[in-house]
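Here is the structure we will look at.
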Number of protein chains: 2
Amino acid sequence: MRLNNIKKMGLVKTEIFTDLQNEIALFAKVFGHPARVAILQHLFKINACYCGDLVNEIGLAQPTISQHLKELKHLGLIKGNVEGTSVCYCINIANWTKMKETMVQFLNQDISIIEDCC
Amino acid sequence: MRLNNIKKMGLVKTEIFTDLQNEIALFAKVFGHPARVAILQHLFKINACYCGDLVNEIGLAQPTISQHLKELKHLGLIKGNVEGTSVCYCINIANWTKMKETMVQFLNQDISIIEDCC
DNA sequence: CTATTAAATCGTAACATTGCGATTAAACAA
DNA sequence: TTGTTTAATCGCAATGTTACGATTTAATAG
């Protein structure tokens, strides 16, 4: 159920974990930076926007925003469309939904637990 | 709505983001490693277990597991109880539930979006 | 063609993360 | 007290991440 071309995790010993565990970690990792959280929130809010809008909105330098957009795009969560000299970014709903299912299932593990053990 | 003593994010310019954005990023970051995903899944599955069990179950060295447990504990998602020479770990359900609410709300941002823009 | 504009890429400094061997600390047993 | 067991901590090597100035690329305007 992986989305786009999923990259390796460097030092992490991915081979000793299941595909699902690695997939959850990769999705979570991309949310593990407030700039990427902010980019996604903004894209959801205004539906589509240019890279430059995000630079103004968020307040990080253009190369930094570009780098964060690249990571989101690489995981398949956003799409970028060239319009003249600008690039219009928006959420990839189909992939977002797939990702959401995986993550919500992970977060809902607690439904069978009644109370703490210790 | 933050749980435990939340730490800074190093190079990350946290001050330009909202508390919620930083909180989502911190939660996501802790899930951003398959070992921590595996630890949480195992704790949910068997309800409580010793550090040594996790070392056998997961296959990373004891200091490495100990370090991952420390991060989960620091965020408040697990509790550790000393029992003789062992330490029994389990999920902190109350904090897990709070975290889940925050994350699910973030993941459900897509409910208003009908289709892709570009 | 020559600007101009917008965004990607390059290069790099500062810092963080991962993993583990070695050691320490704490509880208990004999 | 002296082992033994279990887990935390220390220290460090290898690698990743973040941020941004400088540069390049690509599209368009004049």
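It should be emphasised that the depicted structure is a prediction, and the values quoted were computed from it without experimental measurement. Below, read A as the first sequence line, B as the second, and so on, with proteins coming before strands; counting in each chain starts at 1.
- In this model, a donor atom of one side chain and an acceptor atom of the other lie less than 3.5 Å apart for A:Q41 and B:Q21.
- To the nearest angstrom, C1' of D:dA7 lies 10 Å from CG of B:L69.
- Between A:I78 atom CD1 and C:dA7 atom P there is a gap of 13 Å when expressed in whole angstrom units.
- For B:T97, there are no side-chain hydrogen bond (donor to acceptor under 3.5 Å, both in side chains) partners at least two apart in sequence or on another chain.
- Taking only side-chain nitrogens and oxygens, A:K29 never comes nearer than 4.0 Å to OP1 or OP2 of C:dT17.
- Formation of a donor-acceptor pair under 3.5 Å by the A:N22 side chain with backbone atoms of A:T14 is found in this model.
- Computed from coordinates, the A:E71 CD to C:dA8 P distance equals 13 Å when rounded to whole Å.
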Contacts under 3.5 angstrom, residues 51-58 of chain A side chains, donor-acceptor by atom type, not counting sequence neighbours:
unit_1: A:D53; atom_1: OD2; unit_2: A:Y50; atom_2: N; d: 3.2
unit_1: A:N56; atom_1: ND2; unit_2: A:G52; atom_2: O; d: 3.3
unit_1: A:E57; atom_1: OE1; unit_2: A:H42; atom_2: NE2; d: 3.4

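- Contact check, B:Y89 against D:dA8: a side-chain N or O comes under 4.0 Å of OP1 or OP2.
- OP1 or OP2 of C:dC20 has at least one side-chain nitrogen or oxygen of A:K13 nearer than 4.0 Å.
- Residue B:I65 is the one, among B:I65 and A:L60, whose nearest nucleotide of DNA chain D lies closer to the 5' end (criterion: closest heavy atom).
- Phosphate contact (OP1/OP2 of D:dT17, side-chain N/O of A:H68, threshold under 4.0 Å): absent.
- In this entry the distance linking CD1 of A:I39 with C1' of D:dA19 reads 13 Å, nearest Å.
- Take A:T85 and apply the side-chain contact (heavy atoms from CB on, under 4.5 Å) test, not counting sequence neighbours, and it matches no residue.
- For the side-chain contact (heavy atoms from CB on, under 4.5 Å) test, residues two or more places apart in sequence or in another chain that qualify with B:S66 are B:Q62.
- When rounded to the nearest whole Å, the span between CG of A:L11 and P of C:dT17 equals 13 Å.
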Exercise. In B/S/- notation, 5' to 3', how is nucleotides 21-28 of chain D contacted by protein heavy atoms closer than 4.0 Å?
Worked result: BB----BS

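- Between B:H33 atom NE2 and C:dC20 atom P there is a gap of 10 Å when expressed in whole angstrom units.
- Of the side-chain N and O atoms in A:T64, none sit less than 4.0 angstrom from OP1 or OP2 of D:dT18.
- Within the structure, salt bridge (Lys or Arg N to Asp or Glu O under 4.0 Å) pairs that include any residue of residues 31-40 of chain A comprise A:R36-A:E71 (at least two apart or interchain).
- Using a 4.0 Å heavy-atom cutoff across all strands shown, A:S86 reaches sugar-phosphate atoms only and no base atom.
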